[in-house]
Number of protein chains: 2
Amino acid sequence: MRNIPTATVSRLVTYLRILTDLEDAEIKRTSSDVLAEEAQVSAFQVRKDLAYFGRFGTRGAGYSVPTLRRELRRILGLTRPWNVAIMGMGRLGQALADYPNFDQYDFLLKASFDSDPAKVGRHIGGVDVYAVDEIDERVAASSIDIAFLTVPAQAAQEAAERLVGAGIRGILNFAPTVINVPSGVFVEPVDFVAGLKRLAYYLQGAPAKERVGS
Amino acid sequence: MRNIPTATVSRLVTYLRILTDLEDAEIKRTSSDVLAEEAQVSAFQVRKDLAYFGRFGTRGAGYSVPTLRRELRRILGLTRPWNVAIMGMGRLGQALADYPNFDQYDFLLKASFDSDPAKVGRHIGGVDVYAVDEIDERVAASSIDIAFLTVPAQAAQEAAERLVGAGIRGILNFAPTVINVPSGVFVEPVDFVAGLKRLAYYLQGAPAKERVGS
DNA sequence: ATATGTGAATTGATTCACAGCG
DNA sequence: CGCTGTGAATCAATTCACATAT
């Protein structure tokens, strides 16, 4: 398969959310025009994005909402649950542990880790807190696939290395720093302070382009 | 000025963070190679990104850390404070209100809004909670530039329209939906669930590319 | 000698026009 | 006839090579 643009993957996630909304509204069929309107991209773009993965529509009639939704879930790897751990149970880690309906989103929160002995052994937001030294065994025992990295920036690189060492291949990086991981490990940054600074740039002057980001 | 790629703006934010770290470490000079290493991009890319805005280095000697940092802060519009409000004081809104050292990041939290009468009039995480009907006057009174949109997805579009109606031109959108805003208003999405789904895609198979996202 | 700044080449993504199929 | 699917064309971004300045 051709190499898929990362922007395409982001848009597929958006299309899936729109299809879920349509299905909740019991709408049976849709079109690239409708998806494009909702996702705020062109209809060409929608069809091109889908075409990387196959042919899901009916010419002249558009797409079946349940079918296309099922296909997108399959393409995105959301037909099986993913086991998640939180690394760093500070403010943000705790807020994420409290996040409602994780299971509904195909992700299961299995464990959390913190270097503070006062937190280890406690049960916060529905998840047990373990010592950082227990990572290897907990990751193996719960088949953890993905970690939320919610430690302070200066601790992020070392924490990432512990996670990778334990066998984790997916990291959602909330720390405001670029982390360095070996080949085969995937990092998705989630940095609202960076988003805020980009907003400052666009507000302050610069080009007249309104829609930014992924 | 040429139209600046959004990816360049994202990288400038990263370079600025690196320069701040270097300055904290009292390192006086640096080079495109060092910045590239830290930001995990090529040195060509660093120089090209900077070249959109001017010439900041000395051939043969690299860049002065304080000078380049000052220039990047100016380019990104961070030489003046930005006034921020939070729209939606649920879990996430409250967590953001509690976020430490906002001022240190050149952003001042001035007000928050919620539709729940039980929250209005309270003071949460150092910020007053106002009714949604008070947006116009509070935005004018505190010269609010940017809003954090932290309402549920189904309320996001209407909330965004209230913010835009009140004169806000920058929205950091934490709701997992695409919002539609008029020309001249800037939206930066911050959607960790979307990041999680992209991770599922990359983990599940797909191309062997490890570094993703902005 | 060394590291920046930049036009040219390349690679990649988006847009387009229309062929293909129901 | 309508809307999808897709090669070709356009547009944008990145990479490269090297001229340039100190």
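What's counted below: heavy atoms across the whole structure, side chains too, no hydrogens, waters or symmetry copies. Order of the sequence lines sets the chain letters (A, B, ...), proteins ahead of strands, with each chain counted from 1.
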| If you check every side-chain atom of B:R47, which of D:dT6, C:dG5, D:dT14 has the closest atom? |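 Side chain of B:R47 sits closest to C:dG5.
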| What parts of residues 55-70 of chain B reach DNA chain D, counting only heavy atoms under 4.0 Å away? |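 Those residues whose heavy atoms fall under 4.0 Å from DNA chain D, taken from residues 55-70 of chain B in numerical order, are B:T58, B:R59.
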| query | Which residues, if any, of residues 15-36 of chain A bring a heavy atom under 4.0 Å of DNA chain D? | reply | A:S31, A:S32
| request: Give a yes or no on whether a salt bridge exists between B:D133 and B:R162, defined as a side-chain N under 4.0 angstrom from a carboxylate O. | output: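 The answer is yes: the pair qualifies as a salt bridge.
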| said: For A:R17, is there an ion pair with B:D191 - N to carboxylate O distance below 4.0 angstrom? | reply: no
Among residues at least two apart in sequence or on other chains, which ones pass side chain to side chain donor-acceptor pair (under 3.5 Å) with [X]?
X: A:D98; answer: none
X: A:E161; answer: A:Q157
X: B:Q45; answer: B:D49

I need the [atom1]-[atom2] distance between [X] and [N], as an integer number of Å.
X: A:L50; N: C:dA13; atom1: CG; atom2: P; value: 17 Å
X: A:E71; N: D:dT4; atom1: CD; atom2: C1'; value: 15 Å
X: A:F44; N: D:dA8; atom1: CZ; atom2: P; value: 18 Å
X: B:K48; N: C:dT11; atom1: NZ; atom2: C1'; value: 14 Å
X: B:R11; N: D:dA13; atom1: CZ; atom2: P; value: 10 Å
X: B:N3; N: D:dA13; atom1: CG; atom2: P; value: 7 Å
X: A:D49; N: D:dG5; atom1: CG; atom2: P; value: 12 Å
X: B:Y52; N: D:dT15; atom1: OH; atom2: P; value: 11 Å

| Side-chain heavy atoms of A:V193 within contact of A:K197, under 4.5 Å | yes
| B:A43 near the nucleic acid: base, sugar-phosphate alone, or nothing, with a heavy-atom cut-off under 4.0 Å? | nothing
| For A:Y99, all residues meeting ring pair (Phe, Tyr, Trp, His ring centres under 6.0 Å), sequence neighbours excluded |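 Listed in chain order: A:F102, B:F192.
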| Is it the case that B:R11 and B:T8 place a side-chain donor and acceptor less than 3.5 Å from each other? |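 Result is yes, a qualifying pair exists.
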| said: On the nucleotide C:dA13, are OP1 or OP2 found under 4.0 Å from the side-chain N or O atoms that A:Q45 carries? | reply: no
